[in-house]
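In what follows, a single structure is set out as structure tokens and then discussed.
Note that the structure is predicted; figures quoted are calculated from it, not measured. In what follows, chains carry the letters A, B, and so on, assigned in the order in which the sequence lines appear, proteins first and then strands, with residues in each chain numbered from 1.
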Number of protein chains: 2
Amino acid sequence: MARRATAQDVADLAGVSRSAVSLVLNGRAKGLISAVKQEAVLEAARRLEYTPNAVAQSLRTSRTRILGVLTWRGVGGLPLHLMASALQTSLNNGYKLIKMYAEPTEIDQRRALSTLGNQQVDGMLVVAPELCQYEAVEALSASPVVLLNCQDPHQQLTCVAPDEEGAGRGAVEALLERGHRDIAVLSGPLDHFQTGLRASGATRALADAGLAPTQVQAEDLRIDEGLAAATALLRSDRPPTALVATNERLAVGVMLAAARLGLSVPQDLSLVSLDDREQLSNQLSPEATRMERPDDLMAAHAAELLMDWLDTGRAPEAQNYSFVCPLVDGASIAAPASRG
Amino acid sequence: MARRATAQDVADLAGVSRSAVSLVLNGRAKGLISAVKQEAVLEAARRLEYTPNAVAQSLRTSRTRILGVLTWRGVGGLPLHLMASALQTSLNNGYKLIKMYAEPTEIDQRRALSTLGNQQVDGMLVVAPELCQYEAVEALSASPVVLLNCQDPHQQLTCVAPDEEGAGRGAVEALLERGHRDIAVLSGPLDHFQTGLRASGATRALADAGLAPTQVQAEDLRIDEGLAAATALLRSDRPPTALVATNERLAVGVMLAAARLGLSVPQDLSLVSLDDREQLSNQLSPEATRMERPDDLMAAHAAELLMDWLDTGRAPEAQNYSFVCPLVDGASIAAPASRG
DNA sequence: CTGAAAGCGCTTACAG
DNA sequence: CTGAAAGCGCTTACAG
């Protein structure tokens, strides 16, 4: 492979100085360099396939245009494919992402930051696999950082997160609208931050409608645990006519439970799932009606906040940007069958 | 935030020259620098919390210690969480990963490489969401690159991939061992590279055992398609006593189909799934017996090959490293019930 | 309008 | 054993 062309090569070919090359290529030539020479520089750069050495630029400008992403594996290894790819497509001006897996503990954060921190990233994104409180270490808080899908307990950092309570509420409302009154909420353990919020949104909506909430907790956000919990519930004396599952895996469990008990969805049982974008609820049969977390919008917003921050040098007002989770129609809800 | 310490600061504090600092910190001081001064440098570096500026190092050494990862979203957005995190934990000597989503097309590869290529990465990893042939563009082939979970059709590049055929074969063998003779293979569309290989391994094992293979193709590697195909199969005149699903999502569909038809797994139907590490087959109830793709081992091997290449400057023999997919016991297979 | 010069922070021969 | 010097490739005042 031939040696890469440098700015000097371009200058030589174009018959100008190195500075002129830099000015033209960075769009600062207007009113400084003659049109003829500008064209010569552009032409030379084209012929030599010149692209500036990013490392040298970084050293000079102390900007790398690399953003660090801190992420970790969630309960059940929830994937963040959608958010990660949305993050990338939101990048502009040559920003790139460097990704590190680091548990949200103090020691892991420190370790990740020291690997990343040697002047190699301009800013950081913390991307949580599921909504949680994120206690950022000092070194992280001090740098340009945006939290995605998690919140700063101290309200000091800029956060982009879904309205999980609203999603729980919306799921219940969709069922109330169809006429259901016996609605149960199947969640994971309530001390789990995300599932707790979802469940509390759902039970509040029930309470607001004057209904006593039936709550069932699966032992974990897993298919088999959802199956077990749903089976117990549906076998009880007075089974609900409708279920809200706070997680897709639980929803799969519900479908299995219903099938084994000979119940049809939605004729015998309506189901609304809260969606983590795992592509499970939309592959059920019938497709589950669900509240979808807008991963793509959230990622785009977080990326934009951080890039603006870096480009302008002004930190955004620290605040929580809360994103509504829209209802996506499936075919898993119907009016309740009249009880025999 | 205080200005970061530079090598000069360390030299000043330690009362030595900048070169001495560099030598000591890079472990080349042996026999050159007096023990006393070495200690002084180390002490000064400690007190100033000095870490070398990585960008400056990169400019000087023309090595960034950043590896580029090219990946894209597969059928159904298969996650690569496990492989990606295994990749990171395999990194040593300060190597970092910069990740780009780019479809395996020529144009997307080029675009990704031009973003990445400005001297900013030392080598590349191509990480496919599912086994496939990867046609690398010239610019990619010319750089240090290792393919992970995909293969070079021209056999020129170093590849790390699972033995998908062997996995299909192993699934069938596990069922044969239990005494099954009526074994069906449920796959996705056979023109799909990965599912095709898995299915052909399975059908060959059947043929080797003197059995006529029953093959069913789901229209897509989705839960609902698996459910539809499995339902048709299990409702046929002579349903199989055992099923191999070439994919976890298909396996979930099979479980749903069995449940709806009132069939118990494994009493009425045995199931072996090929596992993409989506954490689905292990969350079924009963847990599915499966052939697991060793994502962590594969990722570690690929990372090591590439790092060795970069550290020694010698490209490895271009070859396909094929990884066996081990059988992981679940509870989804049993001896066939004697037919009435 | 243009070109020579400084300097980002580091490493590595090289002369003492 | 040590220190002064060059240079990686760029950008940005600065003097003409």
Side-chain angles (χ1 to χ4, degrees), chain A residues 2-42 44-45 48-66 93-94 117-122, chain B residues 2-42 44-45 48-66 93-94 117-122:
Chain A
R3 190 179 64 86
R4 278 169 55 93
T6 70
Q8 186 63 63
D9 297 330
V10 176
D12 291 349
L13 184 58
V16 299
S17 74
R18 238 169 54 179
S19 339
V21 172
S22 184
L23 290 172
V24 171
L25 263 27
N26 291 320
R28 310 161 143 269
K30 186 92 183 192
L32 289 178
I33 319 273
S34 71
V36 178
K37 295 216 169 180
Q38 286 193 42
E39 189 43 54
V41 168
L42 261 18
L48 296 174
E49 296 186 343
Y50 171 73
T51 53
N53 180 313
V55 174
Q57 276 180 320
S58 295
L59 181 59
R60 184 58 235 241
T61 62
S62 24
R63 295 279 309 271
T64 59
R65 298 200 158 271
I66 297 179
N93 299 325
N118 306 332
Q119 232 89 58
Q120 266 194 155
V121 297
D122 293 343
Chain B
R3 190 178 65 86
R4 279 169 54 94
T6 70
Q8 185 64 62
D9 297 329
V10 177
D12 292 349
L13 184 59
V16 300
S17 74
R18 238 170 53 180
S19 339
V21 172
S22 183
L23 290 172
V24 171
L25 263 28
N26 291 319
R28 309 160 144 271
K30 187 93 182 196
L32 288 177
I33 318 272
S34 71
V36 178
K37 295 218 168 180
Q38 286 192 43
E39 188 43 53
V41 168
L42 261 17
L48 296 173
E49 296 187 343
Y50 171 73
T51 53
N53 179 312
V55 173
Q57 277 180 320
S58 296
L59 182 59
R60 183 58 236 238
T61 61
S62 19
R63 296 279 310 268
T64 59
R65 297 202 159 270
I66 297 180
N93 299 324
N118 306 331
Q119 232 90 63
Q120 267 193 156
V121 297
D122 293 345

Rounded interatomic separation in angstrom, taking CZ from B/Arg65 and C1' from C/dC10:
15 Å
Between P of C/dC10 and CG of B/Asp12, the distance in whole Å:
12 Å
Taking all non-hydrogen atoms of both residues, which atom of B/Val41 and which atom of B/Val10 are closest, and how far apart?
O-CG1, 3.8 Å
Roughly, in whole Å, what's the span from CG in A/Asp9 to C1' in D/dC8?
14 Å
About how many Å separate OG1 of A/Thr61 and CG of A/Asp122, when rounded to the nearest 0.5 Å?
8.0 Å
How is the base pairing of DNA chain D summarised as a dot-bracket string, given the Watson-Crick and G-U wobble criteria with both distances under 3.5 Å, [ ] for crossing and | for another strand?
|||.||||||||.|||
Each nucleotide in nucleotides 2-7 of chain C should get exactly one letter: B, S or -. Can you fill that in based on protein heavy atoms under 4.0 Å?
BBB-BB
Please enumerate all residues that pass side chain to side chain contact (heavy atoms under 4.5 Å, CB included) together with B/Thr51, with sequence neighbours excluded.
A/Asn118, B/Arg4
If you round to the nearest 0.5 Å, how far is CG of A/Asp12 from CZ of A/Arg18?
10.0 Å
Quick one: which residue pairs count as a salt bridge (charged side-chain N to carboxylate O under 4.0 Å, His left out) with a foot in residues 31-40 of chain A, not counting sequence neighbours?
A/Glu39-A/Arg46
Smallest separation among heavy atoms of A/Gln120 and A/Ile66, with atom names:
O-CB, 3.7 Å
Sequence-distant partners of B/Leu23, side chain to side chain contact (heavy atoms under 4.5 Å, CB included), two or more places apart:
B/Arg28, B/Leu32, B/Ile33
Non-hydrogen atoms of A/Thr64 and A/Val121 that approach each other most closely
OG1-CA, 3.7 Å
Tell me: CD of B/Gln8 to C1' of C/dC10, nearest whole Å?
11 Å
Name every residue in residues 51-59 of chain B that has at least one heavy atom under 4.0 Å from any atom of DNA chain C, in order of residue number, or write none if there are no such residues.
B/Pro52, B/Asn53, B/Ala56, B/Gln57
A/Tyr50 to A/Thr6 - nearest heavy-atom pair and separation
CE1-C, 3.4 Å
When rounded to the nearest 0.5 Å, the distance separating OG of B/Ser17 from CD of B/Gln8 is 9.0 Å
